[in-house]
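Every heavy atom of this structure was used, including side-chain atoms; hydrogens, water molecules and symmetry mates were not. The first residue of the sequence shown is numbered 1, and numbering continues consecutively from there. We count ligands from 1, going down the list as the structure has it; atoms in each ligand are counted the same way.
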Amino acid sequence: MIKELQEEILKLKAQTDTCILAHSYMSEDICEIADFTGDSFALSLKAKTAPQKNVIMCGVRFMAETVKMLSPQKRVLLANPQAGCPMAEQFDADYISEIKKAHPDYAVVAYVNTTARLKTLADVCVTSSSALKICRAIPAQNILFIPDINLGTYVKERIPEKNFILLQGGCPAHAKIKREDVLVAKKAHPDALFLVHPECRPETVSLADYVGSTSGIMEYAEKSQCREFIIGTENSIVQHLQFKCPDKKFYPLSKELVCNDMKVTTLVDVFNCLKGEGGEEIVMDGNLVASAVKCINAMLELGE
Ligand code: 13P
Ligand code: SF4
């Protein structure tokens, strides 16, 4: 049944000139039919270069908006309209504007997990894989980093020569994980390396053998000579790695490390989008796009 549906999707995809982009947190059956699977930064790059007229984003809303902003001439669908990112909605633009006013000498660096409106206030966007590089590269000495306090702390600790203001935002799934969870997992799997996403708390990140984005974690595990890994990011990555490297062992850091928004999209949603019976077309105001896209383009230039 899954195989048949996948075959139908591949046929419809070719007939309708559609590119399917899937974030690495999507389920295995969706990743198998995607034209491209990767982390937020890699998906942004693909969004710009994909030759197809139509794009289906299997991920969360800010990712579909990023595709639309980078390719406004394309028809962009979010495969499941319910898929948002709670972190992207944590601060409203008026609040950030007030902080900006109070600190006019600070450059605003926005995690890409933000609304388009928030991006209009940013000088540059970053993703988890590009944040360090970009914060080092920009000339600003003072950085207001929004909204993720954990990614912000990770960057701040590694760039002590710059001044940072951090806010209290973050990913509810990654921030749930405590130091104690790591100690329990390490005790259960003493030979495993611990790989973690920088959206986790500093107390968790400080215990890691490797810190990186979803793609970074997958690449590290695939190339490593080690045979066992505790995976400190959304649990879908455990399954993908187990398929990619059947001779290695992968353990979830915690059964709590689940993003409900990333889990809401199904293979049937993708099928329905292709039949014109599902998904949501991303429609954005031209002025909003013109203003918000600047910080995404700055990210692509500095981060590549
Ligand atoms: P990546 O930069 O690893 O794609 O992270 C996106 C995300 O939402 C992680 O929670
Ligand atoms: Fe947002 Fe966290 Fe889900 Fe990523 S894992 S999409 S940051 S809620």
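The 4.0 Å heavy-atom shell around ligand 2 contains residues Y25, C85, P86, M87, N113, C171, H174, E199, C259, M262, ordered by chain and number.
Under a 4.0 Å criterion applied to the non-hydrogen atoms of H197, ligand 1 contributes the atoms 1 (P), 3 (O), 5 (O), 9 (C). Those atoms of ligand 1 that come under 4.0 Å of a heavy atom in D39, given as number and element, are 1 (P), 3 (O), 4 (O). When each atom of ligand 1 is checked for a heavy atom of T214 under 4.0 Å away, the hits are 1 (P), 3 (O), 4 (O). Each of the following atoms of ligand 1 lies closer than 4.0 Å to a heavy atom of S213: 3 (O). Atom numbering of ligand 1 starts at 1 in the shown order; those under 4.0 Å from a heavy atom of H23 are 1 (P), 4 (O), 6 (C).
In this structure, E222 does not pair ionically with K248, as no charged nitrogen and carboxylate oxygen lie closer than 4.0 Å. Salt bridge absent: E180 and K178 never bring a charged side-chain N and a carboxylate O closer than 4.0 Å. Taking a cutoff of 4.0 Å between a charged side-chain nitrogen and a carboxylate oxygen, E7 and K11 do not qualify as a salt bridge. Taking the charged nitrogens against the carboxylate oxygens, E65 and K68 have no contact shorter than 4.0 Å, which rules out a salt bridge.
Remark: ligand 1 and S40 share an N or O pair separated by less than 3.5 Å (distance only, no angle test). Considering backbone and side-chain N/O of S215, none are found under 3.5 Å from N/O of ligand 1. For ligand 1, the polar-atom distance check against S129 finds no nitrogen or oxygen pair separated by under 3.5 Å.
Residue-level proximity to ligand 1 for E234 is absent, since no heavy atom of it falls below 4.0 angstrom. Only the side chain of N113 comes within 4.0 Å of ligand 1, judged by heavy-atom distances. Contacts of Y25 with ligand 1, taken as heavy-atom pairs under 4.0 Å, involve the side chain alone.
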Apply side chain to side chain donor-acceptor pair (under 3.5 Å) to the pair E234 and S236, showing each step before the final yes or no. CA-CA 6 Å; E234 218 282 336; S236 51; 2.7 Å; yes
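In this structure, the protein non-hydrogen atom closest to atom 10 (O) of ligand 1 is E199 OE1, 2.8 Å. Nearest protein heavy-atom contact of atom 2 (O) of ligand 1 is S128 OG, 2.6 Å.
The number of heavy atoms from other shown groups lying within 6.0 Å of NZ (K13) is above 12.
Between L183 and L207 the shortest side-chain heavy-atom distance falls below 4.5 Å.
Note on ring orientation: taking the six-membered ring where Trp is involved, the planes of F145 and F164 are tilted (angle from 30° to 60°). Note on ring orientation: taking the six-membered ring where Trp is involved, the planes of H189 and Y251 are parallel (angle under 30°, cut-offs 30° and 60°).
Considering T265, V270, V60, D261 as possible partners of N80, the one that fulfils the side-chain contact (heavy atoms from CB on, under 4.5 Å) test is T265.
Counting only distance, with no hydrogens or angles, the side chain of R61 and the backbone of C85 share no donor-acceptor pair below 3.5 Å. Side chain of E281 to main chain of R75: no donor-acceptor pair is present (N/O by atom type, distance under 3.5 Å, no hydrogens or angles).
Ligand 1 lies out of reach of M262, whose nearest heavy atom is not under 4.0 Å from it.
By the rule that hydrophobic residues join a cluster once side-chain heavy atoms approach within less than 4.5 Å of another member, L144 and L151 end up as members of separate clusters.
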